[in-house]
There are 2 protein chains.
Amino acid sequence: MTGVTIAEAAETVGLSADTLRYYEKDGLLLRPVPRSSSGHRSYGEPDLRWIKLVTCLRATGMPIRDVRRYAALVRDGEGNEEERLALLHAHRDSVLRELAEVTAHLGAIDHKIGIYEHKLELVEQSA
Amino acid sequence: MTGVTIAEAAETVGLSADTLRYYEKDGLLLRPVPRSSSGHRSYGEPDLRWIKLVTCLRATGMPIRDVRRYAALVRDGEGNEEERLALLHAHRDSVLRELAEVTAHLGAIDHKIGIYEHKLELVEQSA
DNA sequence: GTCGCTGCTGGAGTGCACTCCAGGTCAAGG
DNA sequence: CCTTGACCTGGAGTGCACTCCAGCAGCGAC
């Protein structure tokens, strides 16, 4: 087989081996990762590609539960593309809302930083 | 007094009354909120302004622990402005990194969405 | 053949940020 | 008076997403 070990997989996708096992147990993957004769996991290219997509979804704040639903849809095969698309669209919208909110709050923080910088500048001048 | 009740405060800052009590107990506020004769909290304008700043920090992902450190600095009074500024700068940087990462991952998701939309378009055409 | 390493499983533990609850106080309304 | 409702306190409980652990198996190196 051409698969890689869980340690290598963890390295390439940027997760811990524990997290990879956890994702698999929790139904976030498309299938149980194939095992070698000794029972060790052997990750193939498609497994790694899927896990990278999962990290995209997770890194943008999609809850585990929704990733599981999406994985289930993909597992079920063709015919439910609209549902998958709806799920991704909904997520995209929530990410955009979150980005807008964070950006707005960041503006307030920047303002605060500006105030402190101004204050410290004055101190420096008077010193 | 001119203060407002915890319910009103919760309403205006967008947190629950429980969370406001929790923040106070946990040292995220500049001082214990003043009480009425009957022991009820009475939030004044400065309290509300500070809590709004706290929500800015929290909404941008600053951990409770760091908010507490920042509150402690402000409580300690003038003289540590550089430290406060450093804390805010560090936070700002981490928020920017996070925004960049989320935006990048969002791009990948958008790409995925594009693929599905294209696929569904073809189906529609052939129908 | 035994040492060390990597991996396996099931399940317990952790950290974070709330959220909920029991049991009680107080003030106003009927 | 008695009830109702908002609030009080200390402390327990919750949900999420991991993270760690004990105990065991296979495998290559020495």
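Please read these numbers as outputs of a predicted model, since none were measured by experiment. In the text below, chain A, chain B and the rest are named by the order of the sequence lines, each starting its count at 1.
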Would you kindly give the CZ-to-C1' distance between A:R35 and D:dG26, to the nearest whole Å? 15 Å
Rounded interatomic separation in angstrom, taking CG from B:L20 and P from D:dT9: 13 Å
Out of D:dT9, C:dC26, D:dA17, which has the shortest distance to the side chain of A:Y22? D:dA17
Would you say D:dC20 has OP1 or OP2 under 4.0 Å from some side-chain N or O of A:R21? no
Which residue lies more 5' along DNA chain C, comparing B:R65 with A:A7 via nearest heavy atoms: A:A7
By nearest-heavy-atom nucleotide on DNA chain D, the more 5' of A:H40 and A:D18 is A:D18
I want to verify a distance call: between C:dC26, D:dG10, D:dC8, whose nearest atom is closest to the B:K25 side chain? D:dG10
Criterion salt bridge (charged side-chain N to carboxylate O under 4.0 Å, His left out) on B:E101 and A:R58, from CA distance to verdict: CA-CA 12 Å; B:E101 199 196 316; A:R58 290 288 305 120; over 6 Å; no
Is the shortest side-chain N/O distance from A:T19 to OP1 or OP2 of D:dT19 below 4.0 Å? yes
Within the structure, does a side-chain N or O atom of A:Y23 lie under 4.0 Å from either OP1 or OP2 of D:dC18? yes
Phosphate oxygens OP1/OP2 of C:dG7: is one of them under 4.0 Å from a side-chain N or O of A:R41? no
Are A:T5 and C:dG7 close enough that a side-chain N or O sits under 4.0 Å from OP1 or OP2? yes
Considering only heavy atoms from C-beta outward, does the side chain of B:T12 approach that of B:V4 to under 4.5 Å? no
Just compare D:dG11, D:dA17, C:dT19 and give me whichever is closest to any side-chain atom of A:R58. D:dA17
Between A:L15 and A:S38, who's closer to the 5' end of DNA chain D by nearest nucleotide? A:L15
When you check the gap from the basic side-chain N to the acidic O, do A:R31 and A:D47 get nearer than 4.0 Å? yes
Could you give the distance from OH (B:Y70) to CG (B:L87), rounded to the nearest 0.5 Å? 8.0 Å
Closest to side chain of A:I64, choosing from C:dT9, C:dG11, D:dA17: D:dA17
